[in-house]
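Convention: sequence-line order gives letters A, B, ...; per-chain numbering from 1.
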There are 2 protein chains.
Amino acid sequence: MDRRQRKTREAIFDAFIDLLSEKDFNQITVAEIIEKADIGRATFYAHFETKDYLLKELSEELFCHIFDSVNNENTEHRHIFNCNEHDSIFLHLFRHFEKNDNNILKLLSCRNNELFLRYFKTDLKLLIKKQLPALNYIQFEGLPEDFVINHISSTFVETVKWWVNNGMKESDEEINEYFSKFLHIK
Amino acid sequence: MDRRQRKTREAIFDAFIDLLSEKDFNQITVAEIIEKADIGRATFYAHFETKDYLLKELSEELFCHIFDSVNNENTEHRHIFNCNEHDSIFLHLFRHFEKNDNNILKLLSCRNNELFLRYFKTDLKLLIKKQLPALNYIQFEGLPEDFVINHISSTFVETVKWWVNNGMKESDEEINEYFSKFLHIK
DNA sequence: TCAATACCGAACTATGTGTTCATTATTTTA
DNA sequence: TAAAATAATGAACACATAGTTCGGTATTGA
């Protein structure tokens, strides 16, 4: 990818994230984005068809390495996040969030960002579906699998939202305990 | 209220509900609403400041009697819905939904209607908060009350959404069983 | 060096929002 | 039932935002 393209793309993402933490997605205009990113109007539309696609691509970029790190879990990763192979994927995710190494938290917690949350849940469900056999959800036996996955995913997202919106006073282990209590695991 | 006002208001609500089951809230224009409702533009704005307020007032109207019937539960109500005083409030709500006596189901299940769901959850939380002592949530002891209430409310909404979007094949008792399994009650 | 291409910027069309106001129709009340 | 009050009409209006177009300029990669 051309360096100019990379720079422009990055500038748009940065401006957009800034604006998203200030106001609702629907209230953000393209004019504001390009002004903050300091690029031309035509340039914006050369990169993103609409504001919706911008959010979609930003989401994918943000989710990419956080989900990948859980999927392709390896020794290096476990060392960085100080966890062992028996920790649940959810604790891994909470750890990632607490480290706040990217802008994902800012977006997960801001008001009126349901579209972003929907994208997050979609990816999270795929992850849960893959890991489902590893988790012992005997207490949900008899319920349709997609129903259970949706429940776990929703509960996780709601837990993160509550956590962030309450100032993240709890540690990653604590909030994982809370979450586990809801799902009755371990 | 003037009969003309009532008629106009009703026409707007009906047109709006129709459009909401066709497309996203954000994609609906005032022009479409007034065309379907067959009223003038100025009339619309005489009734509702914005499209957002329209949704808010519609929501309140729809929620009003469903939540009231649970709150001011009496013999007549129990007779109509064939339930006894020990049934949980959630079973009551599932019963209401299965009867589908108003348009609430249409709106709860349609895509991209997060604003409506947020209003619903807000009212539902108040109801749950009131009923919380009656329910025995010992398994959630140690967790902040608002966190627990949010969890119950979210789980209920997700259950209803899944139920409706899967064709409501389950009976009200069955879906209430599913829901109870998630919350580990009874 | 040079061809490709990304950016610029300004103008333009199109669409939707919300307001205004004089006129007409309906309802309320005295 | 007549008069006053109120609601609806419809068309025009100003305004904001979206998304496009295009000739000129700057940057890049080979």
Legend entry - Same apolar cluster (I L V M F W Y, side chains within < 4.5 Å links), A/Leu126/A/Leu62: no
Inset, instruction - Specify the separation, in whole Å, of atom CZ of B/Phe44 and atom P of C/dG16. - result: 14 Å
Legend entry - Gap between atoms CD and P, on B/Glu32 and C/dT15 respectively (whole Å): 13 Å
Legend entry - Residue met sooner reading DNA chain D from 5', once A/Gln27 and B/Ile39 are mapped to nucleotides: B/Ile39
Legend entry - Terminal contacting nucleotides, 5' and 3', DNA chain D versus chain B (heavy atom, 4.0 Å): D/dT6 to D/dG10
Legend entry - Value in whole Å for how far the P atom of C/dG18 lies from CD1 of B/Ile34: 12 Å
Legend entry - Protein-nucleotide distance (B/Tyr53, atom OH; C/dT17, atom P), rounded to Å: 17 Å
Inset, instruction - Run the ring-centre check on B/Phe94 versus B/Phe156 and record whether the distance is less than 6.0 Å. - result: yes
Inset, instruction - On DNA chain D, check which nucleotide each of B/Arg6 and A/Lys7 is closest to and give me the residue with the more 5' one. - result: B/Arg6
Inset, instruction - Give a yes or no on whether a salt bridge exists between B/Lys51 and B/Glu32, defined as a side-chain N under 4.0 angstrom from a carboxylate O. - result: no
Legend entry - Pairwise 5' ranking along DNA chain C for A/His47 and B/Glu49, keeping only the more 5' one: A/His47
Inset, instruction - Give a yes/no verdict on a cation-pi contact between A/Lys181 and B/Phe140, requiring under 6.0 Å between NZ or CZ and the six-membered ring centre and an angle within 45° of the axis. - result: no
Legend entry - Phosphate-side-chain proximity, B/Tyr45 and C/dG18, N/O vs OP1/OP2 below 4.0 Å: yes
Legend entry - B/Thr50 side-chain N/O to C/dT17 phosphate OP1/OP2 under 4.0 Å: no
Legend entry - Salt bridge A/Glu158-A/Lys121, side-chain N to carboxylate O under 4.0 Å: no
Inset, instruction - Give one of base, sugar-phosphate or nothing for B/Thr43, where a contact means two heavy atoms less than 4.0 Å apart. - result: base
Legend entry - Given DNA chain C, 5'-ward residue of the pair B/Arg41 and A/Gln5, judged by closest heavy atom: A/Gln5
Inset, instruction - Find the distance B/Met1:CE to C/dT28:P and express it as a whole number of Å. - result: 12 Å
Inset, instruction - Determine, for A/Arg3 against A/Glu10, whether the closest basic-nitrogen to carboxylate-oxygen distance falls under 4.0 angstrom. - result: no
Inset, instruction - With the side chain counted from C-beta on, respond yes when B/Leu107 and B/Leu58 share a heavy-atom pair under 4.5 Å apart, and no when they do not. - result: yes
Legend entry - B/Arg4 (side chain) and C/dT27 (base): donor-acceptor pair under 3.5 Å: no
